[in-house]
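For ligands, and for the atoms within them, numbers begin at 1 and follow the listed sequence. The figures here come from the full heavy-atom set of this structure, side chains too, leaving out hydrogens, waters and symmetry mates.
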Amino acid sequence: MTHEDALRAIVGDKGIVTDPVARRSYEVGARYDEGIAALVVRPATTAEVSQVVSYCVSHGIAFVPQSGNTGLVGGSTPDSTGTQIVLSLDRLAQPLAIDPANRLVEVGAGVRLSTLNDRLAEHGLTMPIDLGADPLIGGMVASNTGGARFVRYGSMRRQVVGLEIVLPDRVGTVLDLTGGLRKDNSHADLKQLFIGTGGVFGIVTRAVLEAQRLPRQTATALLVPADDEAVTTLMLALEGQCGEYLSAFEGMSRNALERAFAHVGHLKNPFARGEIPPYAILVELARSWASREGEQPLDEVLETVLGGLFEGDAPPLADALVGRPEELWAIRHSLSEGLKASGYVIAFDISLRRSDLARFRAEIVGVLGTEFPEIAICDFGHICDGGVHFNLVHPGKPDPAYLERIRTMVLDFVVGRYQGSFTGEHGLGRSNQAFYDRYAHDEVKRLSGALQSAIADVRVGNIHLGPFISRGEKD
Ligand SMILES: Cc1cc2nc3c(=O)[nH]c(=O)nc-3n(C[C@H](O)[C@H](O)[C@H](O)COP(=O)(O)OP(=O)(O)OC[C@H]3O[C@@H](n4cnc5c(N)ncnc54)[C@H](O)[C@@H]3O)c2cc1C
């Protein structure tokens, strides 16, 4: 019996992708990463995942977990050897169980974020992670997705109350950590190991998530800061005066905005005479109840706060535009598409201390302008959480030596000079393994490898966290 026959016996015909076009969509990632799969296997239940994993581990077959395949770091696609199986979790879409009394939802790892949100909206609830892609829940847990509303709701880690995991060992052990308790100090909180670690410790098959109340009132505006330094002043003023109402503070550079307006057809340019400022910030306030009598509506709250920021000798605010929220958010969510359509994107998903953002930007713009004048700096980012998509656009695909030189230069700056992170929210994968190897502390690598060796009988996926003791050596 071939491996394909054996796996087909577990998952059925529907669980093996043979059509070459369909198969390609599992082999090609969202950003320049692609490979060749030995096979694409799509189990439909936790029991099938367990059997597939057990079979692969027992036969020494390498596999890569995949969910929505929207990851941007080469974590979810197979390499070019043609030896890795893609273990797609996209059929794990069992019916959702919404528990309004506990404000919890139990969800299969293969459920899409938009589907979950459609269902939660019927109960006045939402899963508040907001991003320009529509991933699956398992992939979001495994990459600890951040997104535009981190300032208010945190990342995926904050939403996870419980997980069901299949461990990459010979029996495909199913670990049930779905107790549904928000607080529980009676044992080690093992679920944290599986959040943001790209599947290396285990495969997420089910999650219990805390749902948030759906906003019933929002106010949105585009701010133009007086200069780069004013971005921090505006952030602190909005945090100080709007408190927990502040739900987004998204910075966008002129270069990024220009490319979105040039390449994404349906966008409306809201700036006066279409003149794009050097930097703009999308601000959103939200609250979960409609206006009550005698209570200032949110748009008036925002107007009052912004009015104060135009005052004084050196006001931090140069301009503020109020527009339809969906039109303003469409601009933010089109930035990646605009960049991709305008050249080759050299992406950096960095994170810094918020107080360093303006200084970093000023310094690196100077250095890049001198050493790499052909590059356009098209940064945008979540600012309040210190996250910046410091994306560079090159006119064509640069050669590997050029890419290595510019990546090392920028990241040495971020990590070496500013003690920042080379992956703020996209996680680890083939594309940034070299930077993990270069920047992660030796003790972190040693401990991560030891943990992985203790839990797993094989290495999973495209990420090597540290020295791994393989199954044979353990025996
Ligand atoms: C236009 C665009 C905008 C984006 N914006 C943001 C953003 O603002 N913030 C942000 O954080 N990310 C963003 N992303 C990146 C991406 O969407 C997120 O990382 C997302 O959470 C990945 O989920 P996925 O379902 O696509 O997972 P995949 O890409 O399929 O997988 C991601 C990683 O998790 C592993 N994995 C997948 N499923 C499982 C599972 N069930 N169990 C264990 N491991 C698994 C994979 O092996 C891989 O390492 C964006 C992507 C795009 C294309």
Side-chain angles (χ1 to χ4, degrees), residues 25-26 28-33 42-43 46 49 53 62-78 84-93 107-114 116 127 129-150 154-157 163-168 193-207 248 250 260 264 332-340 345 347 349 351 380-382 385 387-389 391 423-433 456 459-463 465:
S25 68
Y26 293 87
V28 179
R31 187 179 277 153
Y32 309 134
D33 59 306
R42 302 171 64 219
T46 300
V49 175
V53 167
F63 62 92
V64 186
Q66 186 183 100
S67 284
N69 199 17
T70 68
L72 297 172
V73 290
S76 53
T77 45
Q84 289 178 311
I85 283 181
V86 170
L87 174 63
S88 168
L89 289 314
D90 62 359
R91 285 176 78 213
L92 292 182
V107 58
V111 170
R112 206 164 276 289
L113 176 63
S114 57
L116 173 60
M127 182 49 48
I129 306 287
D130 175 89
L131 67 164
D134 192 11
L136 307 187
I137 297 305
M140 293 181 73
V141 172
S143 43
N144 188 24
T145 319
R149 294 194 169 98
F150 186 106
S155 64
M156 202 58 191
R157 188 181 298 282
L163 291 178
E164 180 189 76
I165 301 291
V166 170
L167 298 180
L193 262 184
F194 307 97
I195 304 173
T197 42
V200 298
F201 296 118
I203 318 304
V204 180
T205 48
R206 209 154 45 96
E250 295 284 297
V264 183
R332 169 62 186 86
H333 285 318
S334 299
L335 298 179
S336 294
E337 191 184 333
L339 264 56
K340 212 171 167 183
V345 181
D349 162 42
S351 144
F380 53 95
H382 309 307
D385 60 27
V388 178
H389 298 301
N391 290 345
T423 177
E425 58 180 9
H426 293 163
L428 291 165
R430 235 185 351 261
S431 322
N432 55 22
Q433 176 76 53
R459 275 192 198 274
V460 174
N462 296 319
I463 307 154
L465 293 182

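Between the CG atom of Leu335 and the NE2 atom of His389 there is a distance of 9.5 Å, given to the nearest 0.5 Å. Here Arg112 contributes atom CZ and Asp90 contributes atom CG; the two are 8.0 Å apart, rounded to the nearest 0.5 Å.
In this structure the side chain of Asp134 never reaches within 4.5 angstrom of the side chain of Thr70, judged on heavy atoms. With contacts defined as side-chain heavy-atom distances shorter than 4.5 Å, the pair Glu425/Phe150 does not qualify.
The residue from Leu136, Val204, Ile203 that alone fulfils the side chain to side chain contact (heavy atoms under 4.5 Å, CB included) condition with Leu89 is Ile203.
Put simply, the side chain of Asn69 gets close to the backbone of Val28: a donor and an acceptor are under 3.5 Å apart.
Listed by chain and residue number, the protein contacts of ligand 1 are Pro65, Gln66, Ser67, Gly68, Asn69, Thr70, Gly71, Leu72, Gly75, Ser76, Leu89, Leu131, Gly132, Ala133, Pro135, Leu136, Gly138, Gly139, Met140, Ala142, Ser143, Thr145, Gly146, Gly147, Gly198, Gly199, Gly202, Ile203, Val204, His382, Glu425, His426 (heavy atom within 4.0 angstrom).
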